[in-house]
Amino acid sequence: MNKPNPLFYLPFVNKMCLFTFIWTSLIACQKKEEIAPTQGRMPTPSQTELSIEKLTQYLASTTGFDPTQIIYLATDSTFVINNDILAKESDVRERHSRSMVARTDQWRYNYLVSKANVTNIDYFFESTVPASWKTATLKSIQNWNAINGTSLYLRETTTRNSADVVIKLGYAAENWVARAYLPSYTGKAGFEITINSKYNSISESYKVFTMTHEMGHTFGLMHTDQNSGIFISGTPTKDANSVMNSVVLPWQAFTAGDIKAVQTIYP
């Protein structure tokens with residue numbers, strides 16, 4: 001892994017401003033077809049493939065990523081966006097379905113955490129998470145909480161049942177350091193962050209950057225260096241050191257753009 005480490009397996013592009021994506025979408029239960037089959041008949045494989053293709057196009061249109069940057073993992077019923085951003089198929093179906101009807105609550109129908117939930121987002125560590133990653137994650141929580149002028153507030157919980165986000169350890173040969181789920185259509189934070197144990201040996205500074213970045217995904221921030229999406233007013237058009245860039249850098253501090261983005265979407 002080269003330095004700066006490719007956190008999400010993309011070349012580093014210093015051309016874009018910080019984005020977040022208000023996903024006006026929504027639903028159908030997991031594995032339910034978008035087009036209902038004739039009563040008494042099962043959907044054909046081609047119908048299933050078309051449904052996933054449509055959901056992929058929907059994700060592309062609502063996140064600003066190219067469809068080629070979105071893959072579907074059938075074993076996990078999960079879409080992987082830009083290599084480290086995750087969305088459950090069931091949630092994408094729900095969002096897509098809801099986008100077809102009138103909206104009554106802007107906060108509910110987007111990829112942000114609702115006003116009711118953003119003030120206390122609780123993170124739980126599974127016992128397999130190494131101490132070095134836990135230390136880095138707690139520093140990341142402190143990083144976000146130190147930003148003034150925002151309703152966003154994160155904290156650790158030792159009770160799994162009360163957690164909004166579970167942090168766990170996994171292993172993958174692929175070149176990603178960690179992955180996180182986006183907020184759900186219900187307005188709750190992305191429910192899980194997975195750390196790739198392949199990169200347990202990176203320095204604490206890189207770990208802090210990684211976890212600060214992944215937490216950003218759990219409450220709706222995308223990648224600063226992507227080239228389309230919804231621009232957050234007041235953020236710079238170039239932000240080379242943003243924590244939401246798609247590569248791992250040594251942690252230094254938030255940029256003014258990072259701070260402005262959070263203050264804007266979670267006032």
(message) Regarding Glu192 and Arg179, does a basic nitrogen lie under 4.0 Å from an acidic carboxylate oxygen?
(response)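 No, no charged N to carboxylate O under 4.0 Å.
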(request) Answer with yes or no after comparing the ring centroid distance for Tyr153 and Trp144 against a 6.0 Å cut-off, counting only values under it. (result)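 Ring centroids of Tyr153 and Trp144 are no less than 6.0 Å from each other.
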(message) Could you check, using the six-membered ring where one of them is a Trp, whether Trp176 and Tyr199 have ring centers closer than 6.0 angstrom?
(response)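 Trp176 vs Tyr199: aromatic centres not under 6.0 Å.
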(message) Using 30° and 60° as the class boundaries, would you call the ring planes of His223 and His213 parallel, tilted or perpendicular?
(response)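 Plane angle between 30° and 60°, so tilted.
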Side chains of [X] and [Y], donor plus acceptor under 3.5 Å:
X: Thr186; Y: Ser184; value: yes
X: Asp66; Y: Thr68; value: yes
X: Ser132; Y: Lys207; value: yes
X: Asn241; Y: Thr255; value: no
X: Asp239; Y: Thr224; value: no
X: His217; Y: Asp84; value: yes
X: Tyr72; Y: Thr78; value: no
X: Ser140; Y: Asn143; value: no

(message) Tell me whether Lys198 at atom NZ has more than 12 heavy atoms from other residues, nucleotides or ligands lying less than 6.0 Å away.
(response)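 Enclosed: over 12 neighbouring heavy atoms sit under 6.0 Å from NZ of Lys198.
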(message) If you count every heavy atom of other residues, nucleotides or ligands that lies below 6.0 Å from Gln252 atom CD, does the total exceed 12?
(response)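 Counting neighbours around CD of Gln252, 12 or fewer heavy atoms of other residues, nucleotides or ligands fall under 6.0 Å, so no.
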Please check this pair: side chain of [X] against backbone of [Y], looking for a donor-acceptor N/O pair closer than 3.5 Å.
X: Tyr266; Y: Gly149; result: no
X: Asn117; Y: Ala189; result: no
X: Thr157; Y: Ala163; result: no

(request) Apply the test salt bridge (charged side-chain N to carboxylate O under 4.0 Å, His left out) to residues Arg155 and Asp122: give CA-CA distance (whole Å), side-chain angles for both, the deciding distance (0.1 Å), then the verdict. (result) CA-CA 5 Å; Arg155 61 188 184 181; Asp122 291 337; 2.4 Å; yes
(request) Please examine the side chains of Ile167 and Glu126, heavy atoms only from C-beta on, and report whether any two atoms are closer than 4.5 Å. (result)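 A side-chain contact is absent here, since even the closest heavy-atom pair is not under 4.5 Å.
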(message) A side-chain contact here means heavy atoms from C-beta on lying under 4.5 Å apart; do Val262 and Leu221 qualify?
(response)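 A side-chain contact exists here, since the closest heavy-atom pair is under 4.5 Å.
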(request) Mind checking the OG1-CD spacing from Thr158 to Glu156? Nearest 0.5 Å is all I need. (result)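 That separation rounds to 7.0 Å.
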(request) Step by step, work out the side chain to side chain contact (heavy atoms under 4.5 Å, CB included) result for Leu249 and Trp251. (result) CA-CA 6 Å; Leu249 300 172; Trp251 169 256; over 6 Å; no
(request) With sequence neighbours left out, write down each residue that passes salt bridge (charged side-chain N to carboxylate O under 4.0 Å, His left out) with Glu174, or none if nothing qualifies. (result)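 Testing Glu174 for salt bridge (charged side-chain N to carboxylate O under 4.0 Å, His left out), a comparison that skips the adjacent residues, returns none.
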